[in-house]
Amino acid sequence: MPMQPWFTDAKLGIFIHWGIYAVEGVPESWSFYWGEVPHERYMRQLDGFTASQYDPRAWAELFARAGAKYAVLTARHHDGVALWDTAHGDLNVVRSTPAGRDLIAGYADALREQDLKVGLYYSHSDWNHPDYASVRHPGIDEWPDTYPGGNDANPYSHAEAGKEDPDAWARFLAYRDAQVGELVQRFRPDLLWFDGEWERTAEQWRIGELATLILAENPKTVLNARMLSHGDYSTPEQGVPLQAPDGPWELCLTINDSWGFQHQDHHHKSVRQLVRYFAETIGMGGNLLLDVGPREDGTIPAEQVERLEALGAWIGRHSEAVYGTVAGLPAGHHYGPSTLSADRRTLYLVCFDAPREAVSVRGLRNRVQRVTVLGTGTELGHHVTGGLDAVPGVTWIDAPGEADLDAYATVLAVELDGELDLYRGTGRD
């Protein structure tokens, strides 16, 4: 299937890591996998997970104010705790926590009320399932040790050498297929965000069969690259790549340093930093999937709410440069990110710092018809200097005045006399 156009047009999504790990504020799943927290203590968090203040409509309204077009909720992380009333396995918040109810149905309905696409995260791996640690990745002996005492000492992820159990693995895959089938049939997600793929090969996961199961129910489901050979888009994490991945892609980014809620993590990125991440990502043709970590009661920390709303306000002032655009100029043509209108006739230049004299664009063959400041409409002067034969001169745009500067990033709309035409050569020999 071709990539769904809504995804590449979305620009911003919200990632939500929510689970029992928010009770004590420990790293989701990994804390017991690494031995940072004893497994028994980790699982006792089931008793404290209440979702008592969970308001999916408030979530959806916040995400819409942030300018997002989709969201992705951790339906089941590596710890195996499902956020819905699954008929497959007993480990879910409905039967095992004080929350006592399905937490996904309201989420999906609330997003759709706001015209947001519904995404669900599901981990291939399940470190609590009795049949999961029954096979080994064929390359595991070459892995660096990720568990105290060595990989073979980890009881959660794979069988010890010589103790593989193919029948148990078949049971696990049946359980996995049944849970994914429930998600697809009940909630009809627009996007499924898989994780945990590194612990097995595509053949061990039976990725092709899983993709067939999903797409038979809804052929328009978008799948991330952690569906391996059947993924639709790439998912780099925690840093804008220096070179855009081939095809559609999405940067996964935390607002602080943690995916899920952690009490001690107050290292939140500033609004200016988030605007920069966002502008750089869409300027390279990607989406930003910005993560929030709700508390166990379902409330999103105020610091994260404030940042989402401020980012949304910036997007609202510059929506023309965000939605309906594609990747802008390659590096070196403008000192900052840029986007390009779908008809390729308007460039949007992002300036993070206040320009002192002029903003320059190099290699532009087009004649510039007009330059305005987005948000104020002020028109700026421009002229070209230099150029020889095939090599165009530099286009200089007058710096906007102080009244036209945005607190986080100023955007200039450069209207061209035709579709963008760039010189990319090395100049005269």
Side-chain angles (χ1 to χ4, degrees), residues 17 19 27-35 39 42 72 74-82 86 88-89 91 119-184 189 191-216 221-237 245 252 259:
H17 276 69
E28 57 290 334
S29 305
W30 290 101
S31 51
F32 74 81
Y33 181 94
W34 287 328
H39 181 264
Y42 183 95
V72 178
T74 49
R76 202 214 72 194
H77 208 268
H78 315 317
D79 61 12
V81 181
T86 177
H88 305 280
L91 195 53
L120 294 174
Y121 168 114
Y122 185 88
S123 174
H124 291 293
S125 54
D126 184 339
W127 296 331
N128 264 313
H129 195 283
D131 292 323
Y132 181 69
S134 56
V135 295
R136 295 165 61 83
H137 190 291
I140 192 172
D141 293 330
E142 283 74 51
W143 292 0
D145 288 340
T146 58
Y147 187 76
N151 291 330
D152 277 341
N154 191 330
Y156 306 116
S157 62
H158 46 260
E160 294 181 32
K163 294 186 178 180
E164 295 87 349
D165 185 344
D167 292 338
W169 182 245
R171 289 195 301 269
F172 174 79
L173 291 179
Y175 148 84
R176 187 251 351 238
D177 289 349
Q179 283 202 330
V180 172
E182 283 181 330
L183 292 176
V184 174
L191 182 152
L192 279 172
W193 209 104
F194 286 92
D195 199 7
E197 81 295 343
W198 66 89
E199 290 205 321
R200 304 286 187 265
T201 65
E203 292 74 19
Q204 288 174 317
W205 287 127
R206 297 181 189 166
I207 286 290
E209 294 176 28
L210 180 59
T212 297
L213 179 155
I214 296 165
L215 299 177
T221 308
V222 175
L223 305 173
N224 71 333
R226 300 174 197 196
M227 272 292 283
L228 302 173
S229 57
H230 288 75
D232 296 311
Y233 70 96
S234 301
T235 55
E237 291 186 30
C252 314
W259 297 103

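Everything numeric in this text was worked out from a predicted model, so none of it was measured. Here, residue 1 is the first one in the sequence, and each next residue gets the next number.
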Give, for atom [atom1] of [X] and atom [atom2] of [Y], the distance between the pair rounded to the nearest 0.5 Å.
X	Y	atom1	atom2	value
D79	W30	CG	CH2	12.0 Å
H124	E199	NE2	CD	11.0 Å
E28	H17	CD	NE2	5.0 Å
W205	W169	CH2	CH2	4.5 Å
L191	L223	CG	CG	7.5 Å

Not counting sequence neighbours, which residues clear salt bridge (Lys or Arg N to Asp or Glu O under 4.0 Å) with E197? List them please.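 Scan of E197 (salt bridge (Lys or Arg N to Asp or Glu O under 4.0 Å), adjacent residues dropped) gives none.
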Sequence neighbours excluded, which residues qualify as side-chain hydrogen bond (donor to acceptor under 3.5 Å, both in side chains) partners of H129?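 H129: no side-chain hydrogen bond (donor to acceptor under 3.5 Å, both in side chains) contacts found.
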Which residues pass the side-chain hydrogen bond (donor to acceptor under 3.5 Å, both in side chains) test with T235, sequence neighbours left out?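 For T235, the residues satisfying side-chain hydrogen bond (donor to acceptor under 3.5 Å, both in side chains) (neighbours in sequence not counted) are R226.
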Taking the basic N atoms (NZ, or NE/NH1/NH2) and the acidic carboxylate oxygens, is any pair closer than 4.0 Å for D126 and R76?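 A salt bridge is present here (some side-chain N lies under 4.0 Å from a carboxylate O).
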Let me know which of N224, L210, V184 forms a side-chain contact (heavy atoms from CB on, under 4.5 Å) with L192.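 So the option named by the test is V184.
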In this structure, which one of Y33, W34, F32 forms a ring-ring contact (aromatic ring centres under 6.0 Å, His included) with Y156?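 Filter result, single survivor: F32.
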Of W259, Y122, W127, which is the lone residue that meets ring-ring contact (aromatic ring centres under 6.0 Å, His included) with H78?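 The passing option is W127.
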With a 4.5 Å heavy-atom cut-off, do [X] and [Y] have their side chains touching?
X	Y	answer
F194	V180	yes
L213	E209	no
M227	I207	yes
P245	Y233	no

Minimum-distance pair of heavy atoms, taken over all atoms of [X] and [Y]:
X	Y	answer
C252	W193	SG-CZ2, 3.4 Å
T221	D232	O-OD2, 3.9 Å
T86	H88	OG1-N, 3.0 Å
G196	S125	CA-OG, 3.8 Å

Could you please spell out the steps behind the side-chain contact (heavy atoms from CB on, under 4.5 Å) verdict for R171 and D167? CA-CA 6 Å; R171 289 195 301 269; D167 292 338; 4.2 Å; yes
Would you say the side-chain atoms of [X] pair up with the backbone N or O of [Y], donor to acceptor, closer than 3.5 Å?
X	Y	value
E164	G162	yes
D195	S123	no
Q204	T201	yes

For the residue pair H39 / N128, report whether a side-chain donor-acceptor contact shorter than 3.5 Å exists.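 Yes, side-chain donor-acceptor contact under 3.5 Å.
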Do D131 and Y175 have side-chain atoms, one donor and one acceptor, less than 3.5 Å apart?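 Short answer, no.
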Distance to the ring centre below 6.0 angstrom and angle to the axis at most 45 degrees; does that hold for R200 and Y132?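 Yes; both conditions hold, so R200 lies above the ring face of Y132.
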